Amino acid sequence: MAYYDKTNDVRMQAKAHYYWGCVYRDMNRQAEAIREFLIAAPLTEKAKEKRQLGLVYNNIGFIYNIQGFNEKADSIYKLMEVIAQEVKDTTLWSEALSKQGSIALTKGEEYFPIAERKLSDAFGAVDSVGNNGLKANISASLSNLYSRMDEGEKALYYAKLNLSLRRDTARAYRAFLLLGDAYYKCKEYDSATFYFNKSLLSKDYGRKVDAYMRLADIAMIQGNVTLSVELERNSSVYKDSLYEFHWNVVANEMIEAEADAQAMLQKLYYKGRLNMYLYVFMLIVVMIIVVALFLYKRYRRKNDLLQKDKQQLEKVNQDLSQHYANLQTDITEKDLEIENLRKELVSHQIDEEERAKLQTELDEMILKRRTLAKEAFLHSPLYAKMQAIIQDYQDRDESDEEISDQEWQEFVVGMDVEWNNAITDLCVKYQLSKEELHLVCLSLAGFPFSHLEYLLHLSRKTLYRKKNVLLKRMGVEQNCGFEEILQRK
């Protein structure tokens with residue numbers, strides 16, 4: 001085989017790997033066998049040896065099937081069916097159909113009609129060519145199918161036919177198991193027990209599991225509970241051993257064999273093409289360099305734009321900060337003017353007409369201060385932070401920002417100034433909790449009620465309940481706003 005791998009004779013390469021796979025298969029080294037067959041398949045296809053390709057697929061499907069990789073086996077047998085029809089090989093076609101039927105049988109009741117159709121077609125075809133070994137295997141599958149369909153008479157017919165077609169009827173343990181199961185379905189328990197006990201001589205754990213389970217059922221039907229429990233325990237022991245052997249050893253070896261086959265195929269296909277790979281590699285490297293340079297330039301251009309945007313944003317923030325400082329200065333000046341007007345109002349040296357005029361001027365001054373205070377809040381870092389928190393929650397249901405206790409205090413003080421200390425009076429009069437105070441201030445600041453849950457970390461239902469309780473405590477209607485309440489005070 002190593003000799004042919006060094007030549008360009010694909011046909012002989014394919015045959016070498018196929019026959020080497022057959023040797024491994026007969027030695028029961030299934031992982032090595034599947035590796036060789038997987039290597040032989042594409043080589044045989046390339047050599048256009050269709051009948052041999054069908055045989056290769058048959059071996060691959062067989063190994064996948066016995067190792068429990070039924071989906072892979074089914075796909076292979078479908079390819080094998082197509083090839084068998086092309087080369088008009090009835091035996092190969094019957095084999096492909098029977099294996100597909102057997103695999104369909106394992107998928108459940110909804111696939112039973114498909115299994116029956118394929119197995120019946122296979123049985124009819126192989127009956128015409130007189131291949132007793134294959135006919136026996138198909139009979140076994142049909143017996144298993146009809147047994148699972150609870151058609152005991154048909155299951156018994158094909159089970160007997162299966163056994164009669166075997167060369168070695170003394171050690172036909174699978175045939176014994178099928179015949180026992182068919183008798184079980186027909187409720188002939190003595191005959192079923194006889195054949196189940198004969199099948200227990202097999203070294204196959206799977207057959208032992210099934211046989212012990214059926215014997216346990218028969219013992220239970222016959223009223224021997226103790227024997228039934230013991231037999232079921234034996235079934236469980238072999239089932240555990242079967243599972244551990246199959247999955248811990250075989251599956252891993254099969255996966256490794258597939259990988260080895262793929263690696264070997266790549267080595268065979270690309271042997272002698274190193275220069276082409278080198279050229280391709282160099283071309284790819286050049287392309288990567290070009291793409292990398294392009295991406296780097298685009299990154300630099302985008303970074304420059306980001307820097308410009310950052311500078312513009314910093315300038316806007318500086319302007320906003322300056323505007324906020326100017327507003328705070330204006331508010332301070334308005335506070336002084338308001339204080340002076342209040343002092344004049346309490347003076348006894350002015351008449352009522354002048355007092356009314358001063359009161360009107362004071363009201364206008366308070367209104368201007370309120371407007372300035374509101375504008376100052378809208379340009380404050382705290383307002384920007386609140387908006388960022390709201391946006392974060394709307395975008396991703398969380399935020400890294402958090403309003404500190406100090407910021408809450410500054411916010412409450414600012415709102416109290418805006419509302420001419422009315423919030424302080426409200427808090428003292430109704431003994432507002434911290435959450436209630438924040439709820440009132442946020443509502444007065446003009447935040448939509450649906451946004452308050454993001455800032456207060458309370459559900460909307462809880463906020464509505466707290467608001468209604470507070471309004472009830474104040475003795476006002478539940479649809480009344482806090483701004484309206486303060487204006488009444």
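Owing to the predicted nature of the structure, the values given are computational and were not obtained by experimental measurement. Reckoned from all heavy atoms, side chains included, excluding hydrogens, waters and symmetry mates.
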Are [X] and [Y] ion-paired here, with the side-chain N under 4.0 Å from a carboxylate O?
X      : Y      : value
Arg171 : Asp168 : yes
Glu256 : Arg35  : no
Asp400 : Arg396 : yes
Asp204 : Lys208 : no

Contacts of Tyr183 that satisfy ring pair (Phe, Tyr, Trp, His ring centres under 6.0 Å) - sequence neighbours left out:
Tyr195

Going by the rule side-chain hydrogen bond (donor to acceptor under 3.5 Å, both in side chains), which residues pair with Ser147 if we only count those two or more places apart in sequence or in a different chain?
Asp181

Are side-chain N/O atoms of [X] and [Y] paired as donor and acceptor at under 3.5 Å?
X      : Y      : result
Asn303 : Arg298 : no
Gln30  : Asn28  : yes
His457 : Glu402 : yes
Asp395 : Gln391 : yes
Ser459 : Thr462 : yes
Asn162 : Ser139 : no
Gln52  : Lys15  : yes
Tyr146 : Glu116 : yes

To check you understand the geometry: which heavy-atom pair defines the closest contact between [X] and [Y], and what is its length?
X      : Y      : value
Trp408 : Leu455 : CZ2-O, 3.7 Å
Ala159 : Ala182 : CB-CB, 4.1 Å
Gly54  : Leu92  : CA-CD2, 3.8 Å

I'd like to know whether the aromatic ring centres of Phe176 and Phe194 sit less than 6.0 Å apart in this structure.
no

Quick check, are the ring centers of Phe449 and Tyr464 under 6.0 angstrom apart?
yes

So with a 6.0 Å cut-off around [atom1] of [X], is the heavy-atom count from everything else above 12?
X      : atom1 : value
Arg166 : CZ    : yes
Lys50  : NZ    : no
Glu110 : CD    : yes

Steps toward salt bridge (Lys or Arg N to Asp or Glu O under 4.0 Å) verdict (Glu436, Lys466)
CA-CA 7 Å; Glu436 290 172 336; Lys466 284 184 175 291; 5.9 Å; no

As a quick check of understanding, evaluate side-chain contact (heavy atoms from CB on, under 4.5 Å) for Phe123 and Lys135, giving each step before the final call.
CA-CA 6 Å; Phe123 186 84; Lys135 188 176 180 180; 3.7 Å; yes

Mind checking whether Val209 and Met213 have side chains closer than 4.5 Å, heavy atoms only?
no

Can Lys107 be said to sit on top of Phe112's aromatic six-ring, NZ or CZ under 6.0 Å from centre and within 45° of the ring axis?
no

So how far is it from Phe69 CZ to Tyr64 OH, rounded to the nearest 0.5 Å?
7.5 Å

Please step through ring pair (Phe, Tyr, Trp, His ring centres under 6.0 Å) for the pair Phe411 and Tyr383, ending with a clear verdict.
CA-CA 9 Å; Phe411 173 59; Tyr383 179 77; 9.5 Å; no

Just say parallel, tilted or perpendicular for the rings of Phe37 and Tyr18, cut-offs at 30° and 60°.
tilted

